[in-house]
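These figures come from a predicted structure and were not determined experimentally. Convention: sequence-line order gives letters A, B, ...; per-chain numbering from 1. Every heavy atom of this structure was used, including side-chain atoms; hydrogens, water molecules and symmetry mates were not.
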Amino acid sequence: MKTIYVDNNATTKVAPEVVEAMLPFFNDMWGNPSSMHTFGGQVAKHVERAREQVAKIIGAQRTSEIIFTSCGTESDNAAIRAALATNPEKKHIVTTTVEHPAVLNLCQNLEKHECVEVTYLPVDAKGRLDLEKLKSSLRDDTAIVSIMWANNETGTVFPIEEIAQITHERGILFHTDAVQVVGKLPIDLKKTPIDFLSLSGHKLHASKGVGALYVQRGTKFSPYIIGGHQESGRRGGTESVPLIVGLGAACELAMNSMEVERAHLARLRDKLEAGILEKVRRVTVNGDRENRLPNTTNTSFESIEGESILLMLNEYGICASSGSACTSGSLEPSHVLLAMGILHEKAHGSIRWSLSRYSTEEEVDFILEKLPPVIEHLRKLSPVS
Amino acid sequence: MWNYSKKVIDHFLHPRNVGEIENPDGLGEVGSLACGDMLRLTFTLDENGRIKDAKFKTFGCASAIASSSALTEMIKGKTLEEAEKITNRDIAEFLGGLPEEKMHCSVMGREALEAAIDNARGESNGKPHQLEGRVVCKCFGVTEDVIREAIRINNLTTVEEITHFTKAGGGCTLCHDELKKMLEEERGIAAEAKEKEVTVETKAMTNVEKVHRVEELLKNRIAPALAQDGGGVELVDVDKNVVYVRLKGACASCPASERTMRQFIEKELQKEVTQSIRVEEMV
């Protein structure tokens, strides 16, 4: 059975070009870039090249502003903890109710164990922030503002340039988790006063196990992982050379095809969304359709539950994800949808569709053929219809 | 991804007995859309009081649908007395097991069955009678009765397990202390019963003797005593050392019936039959 993969906000296929780029660093050039001998040392320049490629995709001015990490979560933790460590007198964080658990659970943990106060900014029904509320939440003792660039569940994009400006004017550090945006939308850090930016390899067709943190020059930093002198003493641990080289290659690939890809993704996504709305009754689209990632749509099917939909689609090889409680193993549905004021029953019936450069028109047609009978079948089973 | 058994997947993809019987003899409806699962069970009885046909409609995940489908298959052909002995564990076992986090789906099946049997006996409108009890978990509306029954039937030992089986404690976590207390209490009762089981039984009687003795005591000694307060008791079944009774008259609706069961009926039977007797009320 063919796999129809529409869960790219969870993870993406490693691009064949990226696999190619990584292989020599498993097979031949497996030395340690910190070594004195040529065999190891020669590898270092490939790490530096990857650093250039990563810097370029986010418009960073200097390669020294890029620190390689193991994942987006590590980057988020490193940024927020660095802000607290370098501003010990400041004990307040501003974030949003719809962040990824990497930020949300860290903030909750800091509240509990480190006497940090956290303001969680609410969102409206479309998942949008009220910038006036952001302004009034800022305090003299605010150490950092951490707001995601785009939401992983709904694809809603926040006005990060404007937010960065607001925090910059108040002299407060700003971090953004941009794992869903890098490679999908253009980012130019030369124009935007951002102190920290997190990105993750496996969200843009590189491997799992590698990420990066941008730290603007001049922003004080304190390492999260303490060890050797790697990454200029800002992140201990021997560099994962093959994965880093792969991340660089993935960034270059995405850079070169971003405009074409963006149009391709938006066209297929719009076709999928319009098709679902046309063929299935009682469906709503969750999120801000005007400001959204080009690859994402999130739909709620009334009277039925998400896990059932996913498992029925799984029978056709269709891979998507849901904000229902059952899929998480917790009992509460998606915190993002609940924060938007979406009722529990609708959140339980939500499905996220996220496409990639490898998605095709045929796949979208296949989904539009298989989905309506699945919804109809499950609604026949439902005690409410 | 859940590790569902083949049977769960089969009952999910090919659910048996989907639908709703018009003018059913028994109707049970539990859960809600907001909580993430909901089940409506309907059945008819034949002239001999056996469940002739059963149908379900379920909103929920794969294991909720499979548990409902399994339940309808399990109760067909059974009398109400036989059907009410089906526990949530029986449903899970029928399906070749459920992931622990999904055990609450089997508990939902059991609750719907209980509600439908009550309804068939004219004792309720088909909503679970537990809802009338004291709500312990306010997030998911789980009552003390449901929690205690799940602890007993499934030998639960941690708060996390209670959440997996009943959903209680899965939201704000404010009830966790109370859940811990219930676990301790229930474990205390179970340990006591076990202790008695090993220490006594000096002059063992045969099963037949035991049943006769229990029957005689209930009829000649216990029932007349309860009758003085307008109540009564009827023997339903004896399974090893567990005596199942149904309280009648004033006792059936008496808030102190639990105490009546433990302090009077159980003590009396323990004194006269064997120390390890336990009395359970059938409702």
- request: Taking the side chain as every heavy atom from C-beta outward, state whether A:S382 and B:T58 have any pair of such atoms under 4.5 Å apart.
  value: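 A side-chain contact is absent here, since even the closest heavy-atom pair is not under 4.5 Å.
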
- request: Check whether any side-chain heavy atom of B:Y4 sits under 4.5 Å from a side-chain heavy atom of A:L311, and report yes or no.
  value: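 With C-beta onward as the side chain, the pair touches.
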
- prompt: Hey, which residues of residues 168-180 of chain B are touching chain A, say heavy atoms under 4.5 Å apart?
  reply: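 Heavy-atom contacts from residues 168-180 of chain B to chain A are B:G170, B:G171.
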
Residues of residues 35-42 of chain B near chain A, each having a heavy atom less than 4.5 Å away: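 Answer by number: B:C35, B:G36, B:M38, B:R40.
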
query: Checking A:L381 against chain B: side chain, backbone, both or neither under 4.5 Å from a heavy atom?
result: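 Both backbone and side chain.
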
message: Taking side chain as everything from C-beta outward and backbone as N, CA, C, O, which of these in A:K380 sits under 4.5 Å from a heavy atom of chain B? Side chain, backbone, both or neither.
response: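 The answer is the backbone of A:K380.
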
- request: Could you tell me whether B:K102 and A:E307 have a side-chain N and a carboxylate O separated by less than 4.0 Å?
  value: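 Salt bridge flag = yes for A:E307 with B:K102.
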
query: Which residue pairs satisfy the ring pair (Phe, Tyr, Trp, His ring centres under 6.0 Å) criterion with at least one member in residues 64-122 of chain B, sequence neighbours excluded?
result: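 Listed by first then second residue: B:H11-B:F94.
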
- request: List the steps and the verdict of side-chain contact (heavy atoms from CB on, under 4.5 Å) for A:R379 and B:F59.
  value: CA-CA 8 Å; A:R379 281 188 176 151; B:F59 165 90; over 6 Å; no

query: Can you say whether B:T163 sits under 4.5 Å from chain A via the side chain, the backbone, both, or neither, judging by heavy atoms?
result: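 Backbone plus side chain of B:T163, per the 4.5 Å heavy-atom cut-off to chain A.
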
- request: Report, as yes or no, whether the 6.0 Å neighbourhood of atom NZ on B:K52 holds more than 12 heavy atoms from other residues, nucleotides or ligands.
  value: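 Not buried by this count: 12 neighbours or fewer within 6.0 Å.
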
field: Set of residues satisfying side chain to side chain donor-acceptor pair (under 3.5 Å) with respect to A:Y5, sequence neighbours excluded
entry: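 If we apply the side chain to side chain donor-acceptor pair (under 3.5 Å) test to A:Y5, skipping adjacent residues, there are no hits.
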
